[in-house]
Amino acid sequence: MNTIYEKVDPLYPDMKVIEKAGEIIKSGGLVAFPTETVYGLGGNALDESASAKIYEAKGRPSDNPLIVHIAGFEDIYKIAEDVPEEAKVLAKMFWPGPLTMILKKSPSVPKRTTGGLDTVAVRFPSHPVAQKFIAAAGGYIAAPSANISGRPSPTNGSHVLSDMNGRIDMIIDAGPCDIGLESTIIDLTVRPCMMLRPGYVNEKMLRDALGDIAKDEAVFGNSSAAPKAPGMKYRHYAPKGELTIVSGNNDAVVSYITGRITDNPEGLRTGVLSSSGNIGRYPSADLVVDIGDADNEDLIAKRLYDTLRKCDEMNIDRIYSEEFDTPSLGLAIMNRLIKAAGHNIINV
Ligand code: TXA
Ligand code: MG
């Protein structure tokens with residue numbers, strides 16, 4: 001398949017491109033598009049054959065449900081039933097934006113879109129290009145992140161191109177995503193409402209909005225039960241090299257990583273995900289990626305997936321990462337990093 005690739009301005013996209021993308025969706029095709037979190041791989045959420053194509057293009061297990069993206073709050077009533085008061089409260093505070101709500105699905109959403117579930121995930125993104133595209137495409141876009149299943153989510157157009165070229169009809173590139181981590185997911189079909197995936201909208205913000213909330217222990221605690229968001233059970237976000245997270249005080253972390261890089265009899269290619277303050281301290285690594293200042297959590301989140309992909313591009317065999325346990329986004333950042341590392345963490 002020949003993939004059309006169009007660059008647009010993130011605030012004022014060429015409407016001819018947007019209209020063309022809308023036509024592709026209406027005729028059953030797939031378009032990758034930018035959101036404020038990560039790039040999405042979109043198809044018509046109400047058309048089960050479009051959903052089937054999404055699973056195929058991603059190489060994704062079909063029990064893993066898709067998020068339905070809308071471009072106005074009222075559109076929630078077409079795809080969800082029994083919309084509770086909490087949805088309105090959350091929408092007022094966080095929509096459009098990086099929050100996904102799980103609701104009871106309406107009959108108009110095919111089960112192919114929801115991975116066989118009776119619930120549906122709904123998100124109203126804030127990115128201007130996403131909003132214009134969703135509206136041009138008829139209003140209901142099913143979209144997972146636009147990566148090949150198992151790879152880090154794409155946070156710029158070239159990531160999407162490298163995963164999806166030849167597999168989908170069109171890619172809209174509006175430059176890097178602002179946030180860089182997938183949306184927070186909250187389930188509003190249970191009481192108390194339950195946070196299923198951490199993201200930019202953090203636990204404190206949700207508590208301020210709703211009062212008491214629960215958290216999926218399989219994700220946030222030590223429970224070995226299956227996560228309630230099916231996608232959270234897969235080891236995705238992963239680079240090809242073996243990733244180890246090193247936790248502890250800064251000097252101890254640097255010296256541990258340096259020791260591991262130097263003690264490398266097999267001559268493996270080594271890389272480090274380093275905070276800006278430490279980048280000069282790993283001279284023998286083949287690649288040192290600067291993830292940003294240790295206290296600039298917005299930048300760390302924004303760069304995380306790109307740094308993992310850089311390690312792949314440079315064919316790094318062993319990757320060491322410092323820990324980025326920051327106040328507001330730390331939980332979301334470390335949730336992704338720990339999964340990328342397959343829970344391989346060393347305390348020094
Ligand atoms: O920021 C985002 O959410 C991005 C952009 C494109 O909007 N999308 C995204 O989609 O991250 P995806 O497919 O990579 O992750 C969706 C997650 C999966 O873990 C899936 O299992 C969960 O949402 N999910 C979807 N529908 C669900 C449902 N009805 N119940 C529980 N979890 C659900
Ligand atoms: Mg994903």
Side-chain angles (χ1 to χ4, degrees), residues 30-43 45 51 54-55 57-71 79-81 94-106 109-127 129-131 133-134 141-155 159-160 163-164 172 174 177-190 193-201 216 218-219 226-238 301 305 332 335-336 339-340:
L30 303 184
V31 176
F33 64 102
T35 82
E36 67 280 17
T37 57
V38 301
Y39 275 74
L41 170 52
S51 294
I54 293 176
Y55 288 106
K58 259 186 86 88
R60 174 175 185 147
S62 56
D63 68 337
N64 190 358
L66 308 174
I67 296 176
V68 180
H69 296 69
I70 56 178
I79 50 178
E81 279 180 356
F94 304 115
W95 275 7
L99 179 71
T100 296
M101 305 187 208
I102 308 293
L103 299 163
K104 187 174 169 211
K105 104 176 177 59
S106 82
V109 184
K111 284 217 169 166
R112 201 86 182 75
T113 301
T114 63
L117 299 175
D118 293 319
T119 54
V120 61
V122 189
R123 181 160 110 77
F124 176 5
S126 62
H127 197 299
V129 175
Q131 291 182 357
F133 160 64
I134 295 164
I141 293 292
S145 48
N147 51 291
I148 296 277
S149 196
R151 302 214 58 208
S153 292
T155 52
H159 296 163
V160 182
D163 280 15
M164 290 297 156
I172 308 176
C177 301
D178 265 354
I179 295 176
L181 296 178
E182 305 84 349
S183 60
T184 306
I185 302 179
I186 185 161
D187 185 349
L188 303 185
T189 67
V190 293
C193 300
M194 186 183 280
M195 196 173 169
L196 304 186
R197 178 170 78 179
Y200 186 85
V201 176
D216 184 357
V219 175
K228 296 193 165 54
M232 298 294 280
K233 70 175 179 260
Y234 298 104
R235 181 187 175 246
H236 54 358
Y237 315 115
Y305 290 140
N335 168 266
R336 293 353 182 243
K339 281 180 74 178

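Ligands are counted one by one from 1 in listed order, and the atoms in each one are counted from 1 as well. Predicted model, so just to flag it, every value in this text is computed and none were measured.
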Polar atom proximity, I67 to ligand 1 (N or O, under 3.5 Å)
no

Output the list of atoms in ligand 1 that are nearer than 4.0 Å to some heavy atom of I185, sorted by atom number.
17 (C), 22 (C), 23 (O)

Which of parallel (below 30°), tilted (30 to 60°) and perpendicular (above 60°) describes F133 and F33?
tilted

Specify the closest pair of heavy atoms between I148 and D163, including all atoms of both residues, with the distance to one decimal.
N-OD2, 2.9 Å

Below 3.5 Å, N or O to N or O, backbone or side chain included: is there any such pair between P230 and ligand 1?
yes

Hey, is ligand 1 close enough to T119 that some N/O pair sits below 3.5 Å?
yes

With rounding to the nearest 0.5 Å, note down the distance linking OH in Y200 to CG in L99.
13.0 Å

Please determine whether a side-chain nitrogen of the Lys or Arg among K104 and D118 lies less than 4.0 Å from a carboxylate oxygen of the Asp or Glu.
no

Below 2.8 Å, any N, O or S contact between S145 and the Mg ion (ligand 2)?
yes

For ligand 1, find out whether one of its N or O atoms is nearer than 3.5 Å to an N or O atom of S183.
yes

Would you mind listing which atoms of ligand 1 come within a distance below 4.0 Å of any non-hydrogen atom of G40?
6 (C)

Gap between atom CG of L66 and atom CD1 of I54 - 0.5 Å precision
5.0 Å

Check each atom of ligand 1 against the heavy atoms of A121 and keep those under 4.0 Å away; list them by number with element.
25 (C), 26 (N), 27 (C)

Minimum heavy-atom distance I79-V120, with the two atoms named
O-CG1, 3.6 Å

Using distance alone, decide if ligand 1 has a nitrogen or oxygen within less than 3.5 Å of any nitrogen or oxygen in E182.
no

Consider every N or O of K58 and every N or O of ligand 1, then say whether any pair is closer than 3.5 Å.
no

Under the side-chain hydrogen bond (donor to acceptor under 3.5 Å, both in side chains) criterion, do S153 and R336 qualify, and how do the steps go?
CA-CA 10 Å; S153 292; R336 293 353 182 243; over 6 Å; no

